[in-house]
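Below, chain A is the first sequence line, B the second, and so on; all start at residue 1.
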Number of protein chains: 2
Amino acid sequence: MPKDRAPTRIQKKNRAAILEAALNVFSAHGFRGATVDQIAAEAGLSKPNLLYYFPSKEAIHTALLSGLLDTWLAPLHDLDADGDPMHEILSYIHRKLQMSRELPRESRLFANELVQGAPRIHEALSHDLKTLVNEKTKILTRWMDEGKIARLHPHHLIFSIWALTQHYADFDVQVRAILGDEDPFEGAEPFIDTLYRKLLTP
Amino acid sequence: MPKDRAPTRIQKKNRAAILEAALNVFSAHGFRGATVDQIAAEAGLSKPNLLYYFPSKEAIHTALLSGLLDTWLAPLHDLDADGDPMHEILSYIHRKLQMSRELPRESRLFANELVQGAPRIHEALSHDLKTLVNEKTKILTRWMDEGKIARLHPHHLIFSIWALTQHYADFDVQVRAILGDEDPFEGAEPFIDTLYRKLLTP
DNA sequence: CGTGAGTTTGACCAGATGGTCAAATCAAGA
DNA sequence: TCTTGATTTGACCATCTGGTCAAACTCACG
């Protein structure tokens, strides 16, 4: 294991390559389905060399998840209490859908973990995420009280946004099997936009 | 392997026990994450005994998936072209949400498979499912043409229903981590109902 | 009962997999 | 260039896992 001094050029490069490879493999096969050999091969390293940078398969997975959690929650984090309600929510939705399009591996990484009961991130869920969501539902509730948007169950409003946007990344195969050549996001964007405009208009 | 005569009492019991156990294990850990030993233990059989009834782990998985596919698609199948549009769609949604509540393991079984690229059911997706969906989107389109429901992209309308309802089964841990003691379906039912009433009203 | 088909199991195997280690190689600063 | 720490690797190990097999046991039926 490299010492914890300032990381060398090589350390930076290899750690990044490993995490990139791990994202590919874990998101495609889940934690159990991924093998260290596979990740090493994809990172262009031998297995022992990979294990020189991370102590175990689990450590890679953990590093990956915790490193991506911020990115993943950034859009919700940026929901601005002082902005225009409808605009803020539609922007949030837009960014989430954008992320499904541009970062589908990240979405599937979390989906894999969640669908199997989140054995490795239960912590983050019931603390960090819960705190963030509760903070934002307060804002939503205020907007509803002020009559700026329709009154709805704020938690379920957020769940619906997650469900609708991440569906396109997580269940990509199914969506494409049905749509054929048509670009899923081409139709999804206006559909979801229309849906929330209608839903949120008081 | 048992002969293919009429199944004996014991064969019926054990096959059923195996499929039930397999549903538990596969839905909780995915195909790769499940072990034959685990399934056998949960079914109350020894591993060789289990493999006397099914030739391989893969065979159990396949039998399970194909056996459940009909159940899973029944609600959409029952969408009646001659019924009242709004009522038909809301009924479909209601049944899908009910299934998320009552058959979450089945939902997660499919979710596990889909999120990893559906390596074992690509066939069924791009044929059976596609055919069924296209048949039903025709009905939806007709209803839109007749002005009975709002004009929307029919495929994305169906995707949205899948996403919103299955989210509660597939990402159950996350939903519960955030809601705490509150029953997710208590709030989900009226939320989703309201959402589609607003969305579909022309 | 007795018998043959149906059922169950302990012992076993081969390959996969996560991880270790000592030795070899490389890189950068004195 | 020399030295020392960083990096890389081949060989290896223990465990897990899907699957096999012959032998033992059990059940239903004549």
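Side-chain nitrogen and oxygen atoms of A:Asn14 include at least one within less than 4.0 Å of the OP1 or OP2 phosphate oxygen of D:dT8. Not one side-chain nitrogen or oxygen of B:Thr8 sits closer than 4.0 Å to the OP1 or OP2 atom of D:dA28. Under 4.0 angstrom from either OP1 or OP2 of C:dA27 there lies no side-chain N or O belonging to A:Arg9. Between A:Arg32 and D:dT17 there is a side-chain N or O to OP1 or OP2 distance below 4.0 Å. Between A:Tyr52 and the phosphate of D:dT8, there is no side-chain N or O to OP1/OP2 separation shorter than 4.0 Å. Residue B:Gln11 has no polar side-chain atom (N or O) positioned under 4.0 Å from OP1 or OP2 of C:dG6.
Taking atom CG of A:Leu51 as the reference point, atom P of C:dA22 lies 16 Å away to the nearest angstrom. In this structure, B:Leu50 atom CG and D:dT17 atom P are separated by 15 Å, rounded to whole Å. Taking atom NZ of residue A:Lys13 and atom C1' of nucleotide C:dA27, one finds them 13 Å apart after rounding to whole Å. When the C1' atom of D:dT7 is taken as reference, atom CZ of A:Arg15 falls 13 Å away, rounded to whole Å. Between the C1' atom of D:dC25 and the CD1 atom of B:Ile10 lies a distance of 12 Å, rounded to the nearest Å. The nearest whole Å value for the distance from the OH atom in A:Tyr53 to the P atom in D:dT9 is 10 Å. Between the CD1 atom of B:Ile60 and the P atom of D:dT17 there is a distance of 15 Å, rounded to whole Å. The CZ-P distance, from A:Phe31 to C:dT17, rounds to 13 Å in whole Å.
At most 12 non-hydrogen atoms from other residues, nucleotides or ligands lie less than 6.0 angstrom from CD of A:Glu123.
Contacts of residues 33-49 of chain B with DNA chain D (heavy atom under 4.0 Å): B:Ala34, B:Thr35, B:Val36, B:Lys47, B:Pro48.
Ionic pairing of B:Glu20 and B:Arg105 is present here: one or more N-O contacts between side-chain nitrogen and carboxylate oxygen are shorter than 4.0 angstrom.
Taking the six-membered ring where tryptophan is involved, the planes of A:Phe31 and A:Phe26 are essentially parallel, since the angle between them stays under 30° and well short of 60°. Between B:Phe171 and A:Phe171, the ring-plane angle classifies as parallel under the 30° and 60° cut-offs. A perpendicular orientation is assigned to the rings of B:His156 and B:His153, their planes being inclined by more than 60° (bins at 30° and 60°).
Qualifying side chain to side chain contact (heavy atoms under 4.5 Å, CB included) partners for A:Asn49, counting only residues two or more places apart in sequence or in other chains: A:Leu45, A:Ser46, A:Tyr52, A:Tyr53.
In this structure, CD in B:Glu146 is found 11.0 Å from OG1 in B:Thr141, a value given to the nearest 0.5 Å.
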